[in-house]
Amino acid sequence: MNGPEWLFPLPLEEGRARATALFAETFATEPRGVWSAQGRVNLIGEHTDYNGGTCLPLALPHRTFVALRPRPDALVRAVSAQRPGEVWRTSLGEVTPGRVDGWGAYVAGVAWALARKGLRMTGFDVAVVSAVPTGAGLASSAALECAVALGLDESLDLGLASDDAGRARLAAACVRAENEIVGAPTGGMDQAVSLRSRPGHALLLDTRDGSVRHVPLELADRDAALLVIDTRATHALVDGQYGLRRATCEAAARVLGVGTLREAELETALATLAAHGDLEIDLGADGTTTVSADVARRRVRHVVTEVARVDAVVGALAEGDLARVGALLDEGHRSLRDDYEVSCRELDLACETATGAGALGARMTGGGFGGSAVALVPADRVEDVARAVTEAFAAAGLTAPAFLRAG
Ligand code: GLA
């Protein structure tokens, strides 16, 4: 059997050179510059960002690079190293919600969202080279949006990337692109960490007011590491389940008379939902569906306890208590698996095997339904854990997983 497969970041110079070369060979000219943005792994605080809650993601060393050049007209052309020879194109005037198909929607959507803010916008050509695995729950979409946002910001002199307030505005435009042009009803965690985090720190994001705090991780000093396990089980956020979770939370908040579930108190919320009975959920264009009171209560229980776990992890990190952080990751996984029901066989196996092989704790990370898990591992056990997970997947007849070091 083969050993674990590692997915490495692209060194900055190599990423820049590859994006520049792809741009030059596709568009027969030089780009104005190359910009990049990172993927993310979320340590704790899952499915809290659209509930006014907190989360604690960190940026991966893996980046998406975009070589970009503004155009004198409204045309947008995009090429990706993943689809060589295929040029995606549209005109800015054609970009409206519900009308843009294909991966270029992430790119053109950012320009649309910046223009909607009243910022100067033109068409542009862009070439994309990425080391963030796609569909792995590691925010490859946000990395693409954020890299494009940085490229447009600098090459059109928008002046937003120079401070945190401006970066928060760029992040908001990227979220809007994803929600309205791509049609994925995601929260703002991924774009915030890609544009607003600091090296060596996790980002404590409070989505109630968009404020952030930089939480030092100091994992190497503590002889620990974060291992990301890409289960290779496909994950898509536009397939309805993510939207159903979000709509259920919003419907539950309405029944509870709170703006978001962040404001809910657990025992009162559970009692009120039990008394209320089944929830009628409006899914917009997809009609309506019914969610039982029992299911709604479990969804709410996940969100409320998960926000408390974010605080607890921040506290345990400050105390250097990594065993406690690990236990909280395990607890978070159980909550996502049993109450929020967004895990899957591959994610459960990855987490169980990682902890069985010496990880201090492990949980699924990102939206779920496939994608990746994150394990907190003593530094000298990283290879052993990766090997154990690879073997367990082979024994179960599953596609081989891949591994990333998260810093
Ligand atoms: C996806 C979304 C995020 C967040 C997570 C779940 O990654 O893009 O906004 O909701 O799922 O925590």
Side-chain angles (χ1 to χ4, degrees), residues 37-60 64 105-106 109 132-146 168 171-197 202-208 210 212 228 230-231 233-250 260-262 299 302-307 309-310 313 329 332-333 335-337 339-344 347 363-374 406:
Q38 291 160 274
R40 70 96 188 90
V41 56
N42 188 18
L43 191 54
I44 194 84
E46 216 66 83
H47 289 277
T48 51
D49 65 347
Y50 52 81
N51 283 304
T54 48
C55 51
L56 191 66
L58 60 144
L60 287 171
T64 295
Y106 293 97
V132 184
T134 45
L138 299 174
S140 59
S141 318
L144 174 57
E145 294 151 11
C146 294
C174 293
V175 176
R176 196 153 178 209
E178 186 154 329
N179 290 172
E180 296 181 44
I181 300 301
V182 178
T186 50
M189 166 171 74
D190 307 345
Q191 294 80 2
V193 68
S194 191
L195 286 171
R196 301 176 68 192
S197 63
L203 187 80
L204 176 60
L205 170 68
D206 188 335
T207 63
R208 182 154 54 183
V212 296
V228 176
D230 172 4
T231 65
T234 25
H235 140 112
L237 293 180
V238 266
D239 75 352
Q241 283 298 324
Y242 183 97
L244 175 58
R245 295 296 181 284
R246 182 169 183 160
T248 302
C249 290
E250 289 166 356
T260 66
L261 290 183
R262 174 71 176 279
R299 305 296 189 249
H302 166 73
V303 173
V304 176
T305 59
E306 184 78 351
V307 171
R309 275 187 291 274
V310 174
V313 166
L329 299 188
H333 184 74
S335 181
L336 287 159
R337 183 191 64 195
D339 276 354
Y340 219 63
E341 294 180 284
V342 291
S343 188
C344 64
L347 287 167
R363 58 181 282 278
M364 55 150 280
T365 185
F369 313 105
S372 296
V374 59

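One-based numbering, in listed order, for ligands and for the atoms of each. Keep in mind the model is a prediction, meaning the values are calculated, not measured.
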Can you list the residues that meet the side chain to side chain donor-acceptor pair (under 3.5 Å) rule with Thr365, with sequence neighbours excluded?
-> none
Close N or O approach (Asp49, ligand 1; < 3.5 Å) = yes
Does ligand 1 have a heavy atom under 4.0 Å from the side chain of Arg245, from its backbone, from both, or from neither?
-> neither
Are the charged groups of Arg245 and Glu341 less than 4.0 angstrom apart, N to O?
-> no
Check whether any N or O atom of Gly366, backbone or side chain, sits under 3.5 Å from an N or O atom of ligand 1, and answer yes or no.
-> no
Any N or O on His47 sitting closer than 3.5 Å to an N or O of ligand 1?
-> yes
Sub-4.0 Å atoms of ligand 1 with respect to non-hydrogen atoms of Glu46 = 5 (C), 6 (C), 12 (O)
Without hydrogens or angle criteria, can the side chains of Arg40 and Ser197 be said to hold a donor-acceptor pair below 3.5 Å?
-> no
Heavy-atom contacts with Met189 under 4.0 Å: which atoms of ligand 1 show up? List them by number with element.
-> 4 (C), 5 (C), 12 (O)
Taking all atoms of both residues into account, what is the closest heavy-atom pair of Asn42 and Pro57, and its distance?
-> OD1-N, 3.2 Å
Tyr50 N/O to ligand 1 N/O under 3.5 Å = no
Atom indices of ligand 1, in the order listed, that fall short of 4.0 Å to a heavy atom of Gly187 = 9 (O)
Who passes side chain to side chain donor-acceptor pair (under 3.5 Å) against Gln191, sequence neighbours left out?
-> Glu145, Glu178
Should Arg208 and Thr260 count as side-chain neighbours, where that means a heavy-atom distance under 4.5 Å?
-> no
Under 3.5 Å: donor-acceptor pair, side chain of Asn51, backbone of Gly53 = no
Can you find an N/O atom of Glu178 closer than 3.5 Å to an N/O atom of ligand 1?
-> no
